[in-house]
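Below are the structure tokens for one structure; questions will follow.
Keep in mind the model is a prediction, meaning the values are calculated, not measured. Letters A, B, ... are given to chains in the order of the sequence lines, protein chains preceding strands, and every chain is numbered from 1. Heavy atoms only: backbone and side chains are in, while hydrogens, waters and symmetry mates are out.
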There are 2 protein chains.
Amino acid sequence: MTQTRWLDEREKAAWRGFLEASHRVERRLEQQLKEQSGLSHPQYEVLVLLADAPRRELRMTELAHALITSKSGLTYQIGQLEKRGYVRRRSCPTDVRGIFAQLTDEGYEALRQAAPGHVAAVREALIDVLEPDELAVVAEALGRVGHRLR
Amino acid sequence: MTQTRWLDEREKAAWRGFLEASHRVERRLEQQLKEQSGLSHPQYEVLVLLADAPRRELRMTELAHALITSKSGLTYQIGQLEKRGYVRRRSCPTDVRGIFAQLTDEGYEALRQAAPGHVAAVREALIDVLEPDELAVVAEALGRVGHRLR
DNA sequence: AGTTCATCCTTCAAATTTGAACAACACCGG
DNA sequence: CCGGTGTTGTTCAAATTTGAAGGATGAACT
């Protein structure tokens, strides 16, 4: 291994800022959602993704990738959502192994009710804290960061 | 409640970018640390904080706040680190209730060995992906985001 | 000194997450 | 059509996280 390039002050500030912001924002959203909707953040994300998908359904694997979580973790969460009647499982016609998770009307309704509070929290925690030019950088730069790690 | 201000495309891109980046970066670091050092990210952070602290020790509550985790969660992690001999508990002289977590020499050594790989991963995942001006914005803007959520 | 209220850390049970192991199946080249 | 290889979703046990509860103490005030 070649010599370690340690982080200088500016880099350290960026790293610390990124870490703290992501933890605190996550924590805040988790709290807001649980409080006002009884949903966890992962669960909310599932509903959002399904609501935007054709026929309001997605394959388990697609969901797991989109949520950046493990397959078993998704199985668990879908199970929870199914219990509450927000999601239903449907087997895939073209692939016997495949399972579609499909948003139910109840699930859609739950999302509709949870969304305003969630968006408000996202604004308060992140979006409205950023200046327009900062917003652009976050979208562009962090978008690139996420993309490179796929 | 007044009308909901939904996110426009630019805002949504920033939010999505932020979310995906934080999840993927976290995941990558977790993997890198576990693989090359047998430490979890929270555990590594504990070691870093202690190493930088006077006498290499911090109160449990200070640590919990700094790590943005629950008190019980910290109790658990310190227990794990204690098992491995990386940390030792010391009762606080001025406050019977207080407990110091103190880094041992073994813990310091473990940190020394883990640090280069960790820093390299941080660079590869985030720091070296950002342009200098982007780095500045991330430090400044996300620093503000984290700060406002305290 | 007595009260009251906040703080400190741990314990406990419940919820969640993870990765490995599996079983069933798709897909591709021979 | 077969064998080899990769995929799909689940199950399982183990690790981790969380929040509520509790025991003990500090701190401020009367």
Separation of C/dC9 C1' from B/E82 CD (nearest whole Å):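 Taking atom C1' of C/dC9 as the reference, CD of B/E82 is at 13 Å.
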
Atom-to-atom span, CD1 of B/I78 to P of C/dC9 - whole angstrom: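 The distance from CD1 of B/I78 to P of C/dC9 comes to 11 Å, rounded to the nearest Å.
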
Nucleotide nearest A/R27 (side chain, heavy atoms from C-beta), chosen from D/dT18, D/dT17, C/dC8: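 Closest of the options to the side chain of A/R27: D/dT18.
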
Lys/Arg N to Asp/Glu carboxylate O, A/E140 vs A/R144, below 4.0 Å: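 Result for this pair is yes, salt bridge flagged.
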
side-chain N/O A/Q80 vs C/dA15 OP1/OP2, d < 4.0 Å: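 For C/dA15, neither OP1 nor OP2 has a side-chain N or O of A/Q80 closer than 4.0 Å.
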
For B/Q102, the option from B/R89, B/R55, B/R88 that meets side-chain hydrogen bond (donor to acceptor under 3.5 Å, both in side chains):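 When side-chain hydrogen bond (donor to acceptor under 3.5 Å, both in side chains) is applied between B/Q102 and each of B/R89, B/R55, B/R88, only B/R88 qualifies.
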
Touch class at under 4.0 angstrom, heavy-atom based, for A/G98 against every strand present: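 The answer is sugar-phosphate, as A/G98 gets under 4.0 Å only of primed atoms, P, OP1 or OP2.
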
Nearest-angstrom distance from the residue atom NZ of A/K34 to P of D/dT18: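 Taking NZ of A/K34 and P of D/dT18, I get 10 Å after rounding.
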
C/dT7 phosphate, OP1 or OP2, under 4.0 Å from B/T61 side-chain N/O: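 Checking B/T61 against C/dT7: no side-chain N or O falls below 4.0 Å of OP1 or OP2.
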
Residue-phosphate contact under 4.0 Å: A/Q77 side-chain N/O, C/dT17 OP1/OP2: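 A/Q77 to C/dT17 OP1/OP2: side-chain N or O found under 4.0 Å.
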
Nucleotide C/dA20, atom P - distance to NZ of A/K71 in whole Å: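 Those two atoms, NZ and P, are 11 Å apart.
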
Atom-to-atom span, OH of A/Y76 to C1' of C/dA15 - whole angstrom: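 Answer to the nearest Å: 5 Å.
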
Pair A/R16 + A/E11: basic N to acidic O under 4.0 Å: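 No, no charged N to carboxylate O under 4.0 Å.
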
Length of the line joining A/E30:CD and C/dA15:P, which is rounded to integer Å: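 From A/E30 CD to C/dA15 P: 15 Å.
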
Side-chain donor/acceptor of A/S70 to base of C/dG19, under 3.5 Å: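 A donor-acceptor contact between them is absent.
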
Short N-O contact, B/K83 and B/E106, less than 4.0 angstrom: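 No, this pair does not count.
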
Integer-rounded Å distance: C/dT17 P and A/H41 NE2: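 Spelled out: NE2 on A/H41 to P on C/dT17 is 12 Å.
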
Phosphate-side-chain proximity, A/T75 and D/dT10, N/O vs OP1/OP2 below 4.0 Å: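 Checking D/dT10 against A/T75, a side-chain N or O does come within under 4.0 Å of OP1 or OP2.
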
Position toward the 5' end of DNA chain C (nearest nucleotide), A/V96 or A/L74: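 Closer to the 5' end of DNA chain C: A/L74.
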
Touch class at under 4.0 angstrom, heavy-atom based, for A/T69 against every strand present: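 If one applies the 4.0 Å heavy-atom cut-off, A/T69 turns out to touch the sugar-phosphate alone, with no base involved.
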
Check: A/R97 side chain, D/dT8 base, donor-acceptor under 3.5 Å: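 Checked by distance alone, the answer is no.
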
Closest-nucleotide 5' rank along DNA chain D - winner of B/S72 and A/S72: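 It is A/S72 whose nearest nucleotide is closer to the 5' end.
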
Salt-bridge present (B/R27, B/E30; N to O < 4.0 Å):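 No.
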
B/L67 CG - D/dT16 C1' separation (whole Å):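 That distance rounds to 14 Å.
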
